[in-house]
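To start, the structure itself, in structure tokens.
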Amino acid sequence: MMRRCFLMLVTLLVCVQVSAKPNPKSNPNQAIDRIIANERALADTIRNYSPMVETYLQRMQPDSTLGFAPSEDHYFLGRVQFQQAKEEFYLDKRLVERMAGTFSKFYSMSPVGFSSMIFVDRTGFDRKNYQLYYLRSEFLGEVRCLIYEVKPRKDKDKDKVNRFKGAIWVEDDGYNIVRFNGSYGTFHIDSWRMNLREGVWLPAVVYSEEFDSNKPRTMNPHLKAQTRIWGYNLGPRRESEFAEIVVDPEAAKDSSENPDQSPLEIQRSWQRRAEDNVIEKLQELGLIAPEGEVDKVLQTVLTNLEVTNKIVLDPEVRCRIVPTTPIEVATIGHTVLVSRGLLDALPNEAALAVILAHALAHAALGHDLDSSFAFNDRMVVPSLRELPLFDFKHSAEQESEADALGLKILANSPYKDNLAEAGLFLKALAKYGRRVPNLTKANLGESLVTDNRISFMSPVADAAPALELDNPQQIVALPLGSRVKLDPWAGQLKFVKASPPRIYSAKDKLALEVTPFSPYLVRLKPAAVRTGPTQDSSQYR
């Protein structure tokens, strides 16, 4: 009897839990009310964050060989201050003005253009302004979603162009919007969110297209853009972080037998201090990715070059990644910085080896970082507007010396017989550089091409075969986003786990092009089980 009562009680609790979740078919109003309430709550929750935002845009034009190809590009990078409902931009002020001009139609539709990329309608997403109709269910990654069609109400909406029209994907557990796809006039967006905190889905990536309003029947966009958001965890350290003190046993060894250092050792440690200060500050600003699996691959290739050339440097040379799109590399003392955009576009491991051989040569030649960075007053950077302080470009003479030694390093390396694609990659950058100068122009370090000519390891390009854009089998550069993906919370990089697709024609190559996003959505797992597999350099083979 007691067992039967217990089973009845369990059944009753289950029924109550099931009934608490709104059913989009049997109780559509309850489901819609919850969706709208969650979207309103997100607008309040996101005020607690100030993430980095990067948009890279390409203007497209018809191409006889490639179908459509980039003819112009724009780039901006900034940090959004949601509390002030504005965006703080930095780098080149004129670049920001040009970017705003390019998106003039889109920005004119909303007081804050960026808000319209991450919210369906920040101020008016409600029953008064919109009608929602349930369509069907669909899995996005591991998350089952309910799809709703969203239409602005014609009788209530006098400024119809300001309202969103399209579809939303709502995860079926908490009824949070995880994706919305549609348009504001001629401007189209596909905006994705990820589960970054318990019960909270935050904006992560946005793909945008704008069609020519003068040609309403056109089949292809004349503008394409990728927007990435990362570093939600940027900001003042929590008190708990100061309380969690961990002592490294290796660093805490008793050094009483050799308490002093030679002047050379002190000089080297002083130089390393300058490098550490720069890395720490750039990571604090969201411009260096936390160490992870991608760094290990770079370190493996670098080690291959060092071992085969019997190069031993103190302190050791290390690699870190800048999570931004422009293709660049920087060497600061014994620290190599490689941009995410460069890693994305490289065709293979040998091409990566060419980049790292040049950087290793800078370190071996003693082209040190400005040692004044060892003084902490240089690190008191109040905002991202002071980023030009970090300029890691070398002189033309130093670049020439690094090229010469880099070629010798490659000649003694396991990559010496596989440099053709690396040379073709450099040739492609020089050719495309005329069309996409903001992609090929470095902000922190060295550009691989300057004034439409190869300015980095040019003998490798000279030895490569001719560039054949119409040859489907000649893959000289990959589309943006091919190699690595960016974690929106911490800004850490992980490898894209996708098999290389078959190329049928030159139109499929999409070299250095902007393409849509399709994140594999998962629900947040407990911290104890969040682990990542180790990777090897086969990712670049």
Side-chain angles (χ1 to χ4, degrees), residues 247-248 250-253 255 257-291 295-296 298-307 309-323 328-339 342 355-381 386-406 408-409 442-447 456-457:
V247 178
D248 182 356
E250 292 298 321
K253 287 181 178 179
S255 59
E257 293 183 4
N258 299 289
D260 299 317
Q261 291 180 302
S262 69
L264 178 57
E265 290 173 320
I266 296 172
Q267 178 63 36
R268 286 174 175 169
S269 64
W270 183 257
Q271 182 67 33
R272 194 63 156 191
R273 175 185 172 85
E275 297 173 31
D276 290 341
N277 280 349
V278 169
I279 297 302
E280 182 177 349
K281 177 55 65 173
L282 289 178
Q283 186 164 327
E284 180 184 320
L285 294 174
L287 294 174
I288 292 282
E291 291 182 272
D295 303 74
K296 293 177 181 178
L298 270 64
Q299 204 68 46
T300 298
V301 176
L302 186 67
T303 300
N304 290 341
L305 296 172
E306 290 177 321
V307 170
N309 283 272
K310 299 180 181 179
I311 296 175
V312 180
L313 297 176
D314 182 26
E316 66 177 1
V317 181
R318 58 188 174 181
C319 295
R320 298 298 299 271
I321 302 169
V322 181
E328 62 180 312
V329 60
T331 307
I332 53 175
H334 287 196
T335 302
V336 180
L337 304 182
V338 181
S339 71
L342 176 54
I355 303 299
L356 296 182
H358 179 95
L360 178 60
H362 275 301
L365 290 167
H367 296 162
D368 290 335
L369 170 70
D370 180 359
S371 62
S372 67
F373 283 112
F375 290 99
N376 280 47
D377 62 291
R378 291 293 304 276
M379 297 296 106
V380 182
V381 181
E386 304 300 324
L387 190 62
L389 289 174
F390 301 103
D391 185 353
F392 308 122
K393 296 177 177 60
H394 291 94
S395 67
E397 181 181 358
Q398 289 176 327
E399 283 298 297
S400 179
E401 292 175 353
D403 273 354
L405 181 55
K408 292 180 181 178
I409 291 173
N443 291 310
L444 294 175
E446 310 292 349
S447 300
F456 184 101
M457 302 290 278

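What you are looking at is a predicted structure, and each value in this text was computed from that prediction instead of being measured.
- A donor atom on one side chain and an acceptor atom on the other are not found under 3.5 Å apart for Glu275 and His334.
- At a threshold of 4.5 Å between non-hydrogen side-chain atoms, the residues Leu282 and Val322 do not count as touching.
- The two residues Leu405 and Ala364 come nearest to each other via the heavy atoms CD2-CB, 4.0 Å.
- Taking 4.5 Å as the limit, every side-chain heavy atom of Val278 sits out of range of all side-chain heavy atoms of Ile288.
- Legend: residues meeting salt bridge (charged side-chain N to carboxylate O under 4.0 Å, His left out) with Arg320, ordered by chain and number and at least two apart, are Asp295.
- Proximity of Leu360 to Val336: side-chain heavy atoms (C-beta onward) are nowhere separated by under 4.5 Å.
- A search for side-chain contact (heavy atoms from CB on, under 4.5 Å) contacts involving Ser400 returns nothing, not counting sequence neighbours.
- Not counting sequence neighbours, the partners of His358 by the ring-ring contact (aromatic ring centres under 6.0 Å, His included) test are His362, Phe456.
- In this structure Asp276 satisfies the side-chain contact (heavy atoms from CB on, under 4.5 Å) test together with Arg272, Arg318, sequence neighbours excluded.
- Residues Ala357 and Ile409 share a closest heavy-atom pair of O-CD1, 3.9 Å.
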- Passes side chain to side chain donor-acceptor pair (under 3.5 Å), His394 versus Glu401? Steps please. CA-CA 11 Å; His394 291 94; Glu401 292 175 353; over 6 Å; no
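- Partners of Lys393 under the salt bridge (charged side-chain N to carboxylate O under 4.0 Å, His left out) rule, at least two apart in sequence or in another chain, are Asp391.
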